[in-house]
Number of protein chains: 2
Amino acid sequence: MRQRTVCANCGPSELEKLDAIKTYKTYQSGETIVRAGYKMEFLGFVMCGVAALSRDLIDGRRQIIRLLLPSDFIGGLKQEVSPFEIVAIGEVTICKLPKLKFEAMVLSSPALEHRFLEIALDELDAAREWMLLLGRKSAREKVASLLVVLANHDAEQNGHSPADGLFFLVLLTRETMANYLALTLETVSRQFSALNKDGVIVLGDLGYVRVPDYAKLLYEAADDTDGGIIT
Amino acid sequence: MRQRTVCANCGPSELEKLDAIKTYKTYQSGETIVRAGYKMEFLGFVMCGVAALSRDLIDGRRQIIRLLLPSDFIGGLKQEVSPFEIVAIGEVTICKLPKLKFEAMVLSSPALEHRFLEIALDELDAAREWMLLLGRKSAREKVASLLVVLANHDAEQNGHSPADGLFFLVLLTRETMANYLALTLETVSRQFSALNKDGVIVLGDLGYVRVPDYAKLLYEAADDTDGGIIT
DNA sequence: CGCCTTTTTGACATGGATCAATTGTTGTGG
DNA sequence: CCACAACAATTGATCCATGTCAAAAAGGCG
């Protein structure tokens, strides 16, 4: 499984140093965490809740580039200024690391820099996988793919296996999903209804989704792999 | 301007070491450089020509994830196995570095690793920018955006300024562009014709394109920035 | 209960895909 | 040098998945 914190593979001294500079902050639903075009003052991790990293066109069309789920990393080392906006989807708690202090640590610690390279490469893989979805998948396949991602993340967070009975909470609104999948909210809604009617998912009471047959959902997602590595 | 080789910011000793292990190879048009699902045996750079890094769905739908133009880097450090296919678009010469030797060098050289982190972050920015295009731009905007990219790359390679009269060769077929923009080749062709008719571009003899007014092209591309950094 | 937001569903419009025919280009061998 | 084959590009006609507009239904909350 993917290592999901900066600290993995770093010695105890790095961990202590990180502990010394971190602070927590909770954002309310809809609150802007990082504004586009403004200076990034911190890096951090999502502790709980969901946030969205998005980019807009001048006329307001919006594309969510990345969903930030618990344990996900926020911020880049390179940009002085954020080309993206990060907004809280529901209440989110962020573990913040002041950028300047953190950068100094990275420069002086090759182990930490190595870990950052791994994170960047993971992000790159994820972005490229999503490009295939955005470019070539149908609306139904997009929605199924998103459900696969959410199911896997839920399983990872709560220690379930995606193979057996899957039952999880979808915290995102139809509109948020639409902006992530490059669809309209109406189309997302219709695909949920269709997948429900076809028995691929079972829509439960508010926001809960049950997946009776994970293989079937994977098939609907049209992925060539089950999201993992070819062996 | 972006630094475009691994060697930038590395001391002369790293450069010498890289020189010692590099070899060149030329691929013919259509030839597969890296096969999907197979082991990556090298990393490298495009010296001249164009290659495409792409990913497919089971039923053959294809999405080009990244165009590899002269000076672009090939390969990741992380993956043992390539989830992508790399194919030559026209004749391409690659500067190859054997993966094992190269990895050993990176591990022993923090400067080289730092340079790699920068490359990965550049790739991540590019991927995310393309996600906005794939998800939210119209066919006309997509084609205009691609022309902006090609114009900039040409200017960078040949020392022109994109501001004054732009005149460059489009080496890609309509089909390749279609796979990169997530369109069909017919739609790409129609958009070229339309941009030509509207005076945004002037189609010249085979493959040459002239851009009389770069600002107009940028406007058609619907970008919120001119592809650079907000200041 | 009534207000507000989100979701669902329906009717219709449209951008881009698909299918198909024509023209233009490059390369090859007689 | 020309004729022919193979491929690339253009253009037209039609179709369809998804977008758009609109209204109703379902929750959520003071």
Side-chain angles (χ1 to χ4, degrees), chain A residues 28-30 50 57 59-63 89-91 133-147 169-198 201-209 220 222, chain B residues 28-30 50 52 57 59-63 88-91 133-147 169-198 201-209 220 222:
Chain A
Q28 297 309 312
S29 178
V50 186
L57 291 174
D59 59 1
R61 279 172 285 173
R62 160 161 291 198
Q63 179 63 50
I89 311 279
E91 199 177 270
L133 175 144
L134 291 175
R136 293 304 190 191
K137 287 191 181 178
S138 69
R140 171 182 263 242
E141 290 165 346
K142 284 178 174 182
V143 170
S145 299
L146 177 57
L147 288 169
L169 189 60
V170 177
L171 296 148
L172 313 169
T173 65
R174 300 285 120 115
E175 189 183 13
T176 303
M177 291 190 263
N179 282 332
Y180 192 31
L181 298 171
L183 296 170
T184 58
L185 66 94
E186 293 95 330
T187 298
V188 171
S189 178
R190 276 184 240 274
Q191 298 306 327
F192 264 83
S193 300
L195 290 169
N196 186 51
K197 187 161 70 66
D198 298 347
I201 59 175
V202 181
L203 294 173
D205 251 9
L206 198 61
Y208 272 96
V209 171
E220 292 290 347
Chain B
Q28 298 308 312
S29 179
V50 186
L57 292 174
D59 59 2
R61 278 172 286 174
R62 159 161 294 198
Q63 179 64 49
I89 309 281
E91 200 177 89
L133 174 144
L134 291 174
R136 293 303 190 192
K137 287 191 181 178
S138 69
R140 171 182 264 243
E141 290 166 345
K142 285 178 175 182
V143 170
S145 300
L146 177 58
L147 288 169
L169 189 59
V170 176
L171 295 147
L172 312 169
T173 66
R174 300 284 120 112
E175 190 183 13
T176 303
M177 292 190 263
N179 283 331
Y180 192 32
L181 299 171
L183 297 169
T184 58
L185 65 95
E186 293 94 330
T187 299
V188 172
S189 179
R190 276 184 241 275
Q191 298 306 326
F192 264 82
S193 299
L195 290 169
N196 185 50
K197 187 161 70 65
D198 298 348
I201 59 174
V202 182
L203 294 174
D205 249 11
L206 199 63
Y208 273 96
V209 171
E220 293 289 346

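Quick note on labels: first sequence line is chain A, next is B, and so on, each numbered from 1. Only a predicted model underlies this, so the values are computations on that prediction, with no experimental measurement involved.
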* Counting heavy atoms from C-beta on, name the nucleotide in D/dG19, D/dT10, C/dT8 closest to the side chain of A/R174. => C/dT8

* Asked: Taking CD1 from A/I201 and P from C/dT7, how many angstroms apart are they, rounded to a whole number?
  -> 13 Å

* Asked: What is the distance from atom CG of B/L203 to atom CG of B/L195, rounded to the nearest 0.5 Å?
  -> 8.5 Å

* Could you state the CG-C1' distance from A/L172 to C/dT6, rounded to the nearest angstrom? -> 14 Å

* **Integer-rounded Å distance: D/dG19 P and A/N179 CG** => 11 Å

* Please figure out whether A/S138 or A/E186 has its closest DNA chain D nucleotide nearer the 5' end. => A/S138

* To do: Specify the separation, in whole Å, of atom CG of A/L181 and atom P of D/dG19.
  => 10 Å

* To do: Under 4.0 Å between any heavy atoms, over every strand shown, what does B/T173 touch: base, sugar-phosphate, or nothing? Just pick one.
  => sugar-phosphate

* For the atom pair CZ (B/R140) and CZ (B/R190), what is the distance rounded to the nearest 0.5 Å? -> 14.5 Å

* To do: Starting at OH of A/Y180, measure out to CG of A/L134 and round the result to the nearest 0.5 Å.
  => 8.5 Å

* Measure the distance from CE on A/M177 to P on C/dT8 and round it to the nearest whole Å. => 8 Å

* For B/E186, does the CD atom sit with more than 12 other heavy atoms under 6.0 Å from it, leaving out its own atoms? -> yes

* To the nearest angstrom, how far is B/F192 atom CZ from D/dT10 atom C1'? -> 13 Å

* To do: Using only heavy-atom distances, decide whether a donor-acceptor pair under 3.5 angstrom links the side-chain of B/R140 to the base of C/dG15.
  => no

* Between B/L203 (CG) and D/dA8 (C1'), how many Å, whole number? -> 14 Å

* Asked: When you check the phosphate oxygens OP1 and OP2 of D/dT10, does a side-chain N or O of B/S189 lie under 4.0 Å from one of them?
  -> yes

* **Any A/S193 side-chain nitrogen or oxygen under 4.0 Å from OP1 or OP2 of C/dT8** => no

* Rounded off to whole Å, could you give me the CG-to-P distance for the B/L195 and D/dT10 pair? => 12 Å

* Distance-only donor-acceptor test, A/R190 side-chain atoms vs D/dG19 base atoms, 3.5 Å -> no

* **Reported CG-to-CZ distance for the pair A/L183 and A/R174, which is rounded to 0.5 angstrom** => 12.5 Å

* **Residue mapping more 5' on DNA chain C - nearest nucleotide basis, A/L185 or A/R136** => A/L185

* Quick one: which of C/dA17, C/dT9, C/dT18 gets closest to the side chain of B/L183? -> C/dA17

